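Below is one structure, written out as structure tokens, with a few remarks after it.
The first residue of the sequence shown is numbered 1, and numbering continues consecutively from there. Remember, predicted model here, so these are calculated numbers, not experimental data. Atoms within each ligand, like the ligands themselves, are counted from 1 in listed order.
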Amino acid sequence: MKRIALITSGGDAPGMNAAIRSIVLACHEQDIQCLGFFHGYNGLMHDEFKELTVDLVAPIIQFGGTILKSARCKEMHQNSGVEQVASTLTRHSIDALIVVGGDGSFRGMMALQPYWQGHLIGIPATIDNDLACTDKTIGFATAVSTATHAIDKIRDTANAFERVFIVEVMGRHSGHIAFNVGLATGAEAILSFENCDSKNLEQVQADLINQIQSQRQHNHSGFVIVLAENLWPGGPHGLQAALRETAHIESAVCVLGYIQRGGNPCPEDRILATELGIEAVRAAKNRSGVMVGKVHGQISINCIIRATEQSKPVDQALRLAYNQICQLT
Ligand SMILES: Nc1ncnc2c1ncn2[C@@H]1O[C@H](COP(=O)(O)OP(=O)(O)O)[C@@H](O)[C@H]1O
Ligand SMILES: O=P(O)(O)OC[C@H]1O[C@](O)(COP(=O)(O)O)[C@@H](O)[C@@H]1O
């Protein structure tokens, strides 16, 4: 194997730079040239790249975002776009493409498979943690930590003003961030896809109102609701209006948004990214169509189809812990 191409794609995640660094260092050690293409699949489409050297990546492990930039690329949904990417890879005599990204980016790899003979390797990186075949994706631990610290601060105002707060967290359609952050901050309520029937939100709302009213009778602290994005019609403001209109409950809304995606990666993400980067280069020699992950503390290499198609539910133990805590408080 002489030449590897590398992209970061989809939502940026803290730890992507650590993965880039590790891949480049592993390539250097094995005399493999590493070309970094910019802006996800767009860079492969438009031949926008730079050779990645040890000097270039040496100081980046601690930084969020990605030095290769990231993007979403509409053209990849059409055969002509995929063919263009394949032709760039062929023109540069690339032996393997490593994609650092989420499930969408891996679907891009699957689309590329029929058009390109080189080896395709995925490294899971998304704050949402919604990829199977790995306990955690790169960026998730940092996002949980960032959101936890943010809600700790919100909690001070919630308590001081005895106010209900609705805090929206990211996760697209999965509740990994919501549940982990909700438990870590001692949120009074977690509203996410896994514990709310989206077809019966009226019941969810009625239960929530009961919970708020009964807490009000017993103590005078704040009430923090962690709400998963895309769950409630009209988002957190929709829920805020519903609480006001049905039960005269006033609340404050805080959307954590992109704060969760940025910032320096925590040690766990740096270490995970470093390990997966090294393993990805090793796998690139003789495997293709696989994602390198970590399951129960061990490196695990699985087919990208399985990683993207299989669902990864929020840990049952977390949900049980939340239910138990709710009963005790
Ligand atoms: N079904 C698909 N076929 C081809 N390419 C895809 C597909 N889904 C996603 N991609 C490519 O991967 C990019 C990133 O996917 P996206 O879902 O936005 O982020 P993530 O990889 O973080 O899940 C998309 O912009 C697109 O270029
Ligand atoms: O950057 P955009 O296009 O606003 O996308 C927002 C989405 O990206 C994320 O931050 C990360 O998702 P992906 O890693 O799957 O791209 C989601 O939590 C959120 O729903």
- Query: Taking the six-membered ring of F161, is the NZ or CZ of R163 close enough (under 6.0 Å from the centre) and on axis enough (within 45°)?
  - Reply: yes
- Task: Select one of side chain, backbone, both or neither to describe which atoms of D103 lie under 4.0 Å from any atom of ligand 1, heavy atoms only.
- Result: both
- Identify whether the distance between the nearest side-chain nitrogen and carboxylate oxygen of K69 and E48 falls below 4.0 Å. no
- Electrostatic pair D103:R107 at N-O distance under 4.0 angstrom: yes
- Query: With a 3.5 Å cut-off and no angle check, do the side chains of S22 and T274 form a donor-acceptor pair?
  - Reply: no
- Does G11 have a heavy atom less than 4.0 Å from any atom of ligand 1? yes
- Within 4.0 Å of some non-hydrogen atom of R72, the atoms of ligand 1 are 16 (P), 18 (O), 19 (O), 25 (O)
- Query: Do you see a donor-acceptor pair shorter than 3.5 Å between the side chains of D95 and S93?
  - Reply: no
- Message: As an exercise, identify every atom of ligand 1 less than 4.0 angstrom from a heavy atom of G104.
- Response: 6 (C), 7 (C), 8 (N), 9 (C), 10 (N), 11 (C), 12 (O), 15 (O), 16 (P), 17 (O), 20 (P), 21 (O), 23 (O)
- Would you mind listing which atoms of ligand 1 come within a distance below 4.0 Å of any non-hydrogen atom of G102? 20 (P), 21 (O), 22 (O), 23 (O)
- Should you measure from each heavy atom of S9, which atoms of ligand 1 turn up under 4.0 Å away? 13 (C), 14 (C)
- Item | Main-chain N/O of F140 paired with N129 side-chain donor or acceptor, under 3.5 Å | no
- Query: Polar-atom distance check: A71 versus ligand 1, any N or O pair below 3.5 Å?
  - Reply: no
- Query: Would you call E275-K294 a salt bridge at under 4.0 Å N-O?
  - Reply: yes
- Item | Q260, portion touching ligand 2 at heavy-atom distance under 4.0 Å | neither
- Heavy atom of G11, distance to ligand 2 below 4.0 Å: yes
- Task: Name the closest protein heavy atom to atom 18 (O) of ligand 2, giving the residue it belongs to and the distance to 0.1 Å.
- Result: D128 OD1, 2.7 Å
- What atoms in ligand 2 come closer than 4.0 Å to a heavy atom of Y258? 1 (O), 2 (P), 4 (O)
- Note on the structure: Among non-hydrogen protein atoms, atom 8 (O) of ligand 2 lies closest to R261 NH1, 3.0 Å
- Where the side chain of R3 meets the backbone of H92, is there a donor-acceptor pair that is under 3.5 Å apart? yes
